[in-house]
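To start, the structure under review is shown below, and the notes come after it.
These numbers come from the heavy atoms of this one structure, side chains and all, not from hydrogens, waters or symmetry mates. All residue numbers in this chain count up from 1 along the given sequence. These numbers were taken from a predicted model, which means no experiment stands behind them.
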Amino acid sequence: MAKFRILIVEDQADLRVLMKSGIETLNADIDVVAVPSGEEAMLEASCQDIDLMISDIDLPGMSGLELLTKLKECNSSIKVILVTGIFDPEIRRAVADAGVEAYFLKPIEMADFLDAVERSLGLIIEAPFTTDIHDTEKPFEMATRLIELREELDAISIIILDDRGHVLVRAGDLPDASVEAGLFPALMAVFGAGERVSKYLAASPPDDLMYFAGSKYDILLAHIDLSYALVIALNPFGTNDKIDSYFKIVRLGIKDLLTLFEYIGVSTTPTEFTEIPEDEIVVEDAVDAKLIDSMFEKKAGIDNVDDFWDSATKGPQPVDGSIDGLSFEQAQQLGLTPDESE
């Protein structure tokens with residue numbers, strides 16, 4: 001008997017097959033059943049226990065949200081991932097209230113989707129620090145250090161991600177776990193941008209602490225090294241007064257984590273700063289003054305720009321002596337005309 005049972009509810013046959021095939025590549029003891037409607041999903045759920053349901057929201061007949069409510073009544077421990085092809089703020093609010101594990105907009109990014117499946121089932125993602133299966137002391141110390149750091153910062157959660165956004169180890173959970181599937185890839189995009197900025201500053205590995213304010217909680221993001229990110233969720237603190245103290249605590253924590261990484265054989269050697277080759281530097285071409293003159297002459301229907309200026313400045317002057325423009329001579333005195341020697 002399989003260790004986990006997953007029920008996929010999706011009326012689009014191609015996506016249903018794609019999700020099922022993707023899950024079957026996880027090399028875990030998983031039994032996957034895929035059906036096209038909520039009514040058939042209810043029938044499957046009545047015949048066997050389901051650990052994780054993955055459902056489209058916009059289904060023919062019973063909606064995904066209605067299906068979720070009915071299954072939760074029968075099995076309160078069931079995990080749920082919802083999918084939709086419609087971006088609707090009302091649906092997003094309903095999904096948030098439902099407390100699902102993850103929420104995806106179509107088209108689904110398969111890597112993020114499979115990560116969400118693994119997290120929902122509590123599957124252990126292979127991490128670099130499991131290279132020596134007999135050495136459990138240092139991974140335990142790493143988790144302990146995260147717990148200590150969480151207490152020092154009074155944080156909601158502290159998570160280490162690899163450069164693909166996979167969770168290596170965590171202390172505490174985010175208040176809304178359903179956002180992780182979208183939040184972690186977004187944070188890793190910022191993580192990569194921070195590395196590029198640091199390269200231009202000739203600093204490697206990056207020494208940074210990025211702060212994102214939120215309505216429910218704030219996020220701090222920092223490089224542990226070039227391959228690992230430290231994500232810290234904090235209660236909103238309204239002002240930036242605590243940033244300095246947080247930065248000091250986080251830097252000390254990162255120093256300890258680097259020591260633990262090195263002990264268990266994880267490479268933390270920074271890459272060398274790479275100069276941008278000169279042939280890749282784009283320089284705008286200088287403006288060709290003669291080309292501009294010729295274009296102006298063609299547009300204005302004149303033969304010579306200097307003649308145009310002369311004729312433009314000859315004519316009746318304002319009676320009150322006011323001047324709304326510059327004469328050609330005045331423009332010459334101010335250095336606003338081309339040098340005749342050029």
Would you say the side-chain atoms of S198 pair up with the backbone N or O of P206, donor to acceptor, closer than 3.5 Å?
no
Correct closest heavy-atom pair for M188 and D162 would be CE-O, 3.2 Å
Test item: R150 side-chain N/O and I158 main-chain N/O as donor-acceptor pair under 3.5 Å
no
Does any N or O in the side chain of E39 come within less than 3.5 Å of the main-chain N or O of M62, such that one atom is a donor and the other an acceptor?
yes
State, yes or no, whether a side-chain contact exists between I78 and L52 at a heavy-atom distance under 4.5 Å.
no
Which is it for I108 and M19 under the side-chain contact (heavy atoms from CB on, under 4.5 Å) test, yes or no, and what are the steps along the way?
CA-CA 9 Å; I108 296 172; M19 289 192 291; 4.0 Å; yes
Would you call L221 and Y211 a side-chain contact if the rule is heavy atoms closer than 4.5 Å?
no
When you compare the side chain of V32 with that of I8, does any pair of heavy atoms fall below 4.5 Å?
yes
Anything under 30° is parallel, anything over 60° is perpendicular, the rest tilted; go ahead and classify F191 against H223.
parallel
Hey, what do you get for CG (L146) to OG (S157), rounding to the nearest 0.5 Å?
9.0 Å
Within the structure provided, determine whether I6 and D51 are in side-chain contact (heavy-atom separation under 4.5 Å).
no
SB check E24 K20 (cutoff 4.0 Å):
yes
Distance in Å, L183 CG paired with D112 CG, rounded so as to fall on 0.5 Å steps
11.0 Å
Are any non-hydrogen side-chain atoms of C74 and K70 less than 4.5 angstrom apart?
no
Cluster question for you: counting only ILVMFWY and a side-chain heavy-atom cut-off of under 4.5 Å, with indirect links fine, are I81 and V17 together?
no
Side chains of F104 and T84: closer than 4.5 Å at any heavy-atom pair?
no
Would a distance-only check, ignoring hydrogens and angles, find a side-chain to backbone donor-acceptor pair under 3.5 Å from D208 to A222?
no
Looking at L71, is its backbone amide N or carbonyl O close enough to the side chain of N75 to form a donor-acceptor pair, meaning the two atoms are under 3.5 Å apart?
no
Is it the case that the side chain of S63 and the backbone of L59 share a donor-acceptor pair, with hydrogens and angles ignored and the cut-off at 3.5 Å?
no
Between K79 and S120, which heavy-atom pair has the shortest distance, and what is it?
CG-O, 3.6 Å
CG/D49: more than 12 non-hydrogen atoms of other groups inside 6.0 Å:
no
Taking all atoms of both residues into account, what is the closest heavy-atom pair of I232 and A155, and its distance?
CG2-CB, 3.8 Å
Is the backbone of F4 close enough, under 3.5 Å, to the side chain of D31 for a donor and an acceptor to pair up by distance?
no
On a heavy-atom basis, the closest approach of Y217 and A233 is CD1-CB, 4.1 Å
Donor-acceptor pair, side chain of E101 and main chain of V80, under 3.5 angstrom:
yes
Check E152 with K248, please: is the shortest side-chain N to carboxylate O separation under 4.0 Å?
no
In a check of side-chain contact (heavy atoms from CB on, under 4.5 Å) between I224 and each of I160, V250, L161, which one passes?
I160
Go through the steps to decide whether S37 and E40 satisfy the test side-chain hydrogen bond (donor to acceptor under 3.5 Å, both in side chains), and finish with yes or no.
CA-CA 5 Å; S37 70; E40 291 176 77; 3.1 Å; yes
Should D115 and E118 count as side-chain neighbours, where that means a heavy-atom distance under 4.5 Å?
yes
Can you check salt bridge (charged side-chain N to carboxylate O under 4.0 Å, His left out) on K106 and D56, steps first, answer last?
CA-CA 10 Å; K106 298 177 183 179; D56 192 355; 3.0 Å; yes
For a quick test of reading the model, state the closest non-hydrogen atom pair linking P236 to D218 and the distance between them.
CA-OD2, 3.2 Å
Quick one, Y103 and I57 - any side-chain contact, counting heavy atoms below 4.5 Å?
yes
Can you tell me if S21 uses its side chain to pair, donor with acceptor, with the backbone of L18 under 3.5 Å?
no
List the atom of G64, the atom of S55, and the distance in Å for their closest heavy-atom pair.
CA-OG, 3.7 Å
Counting N and O atoms only, with roles assigned by atom type, does the side chain of E10 sit under 3.5 Å from a partner on the main chain of Q12, one being a donor and the other an acceptor?
yes
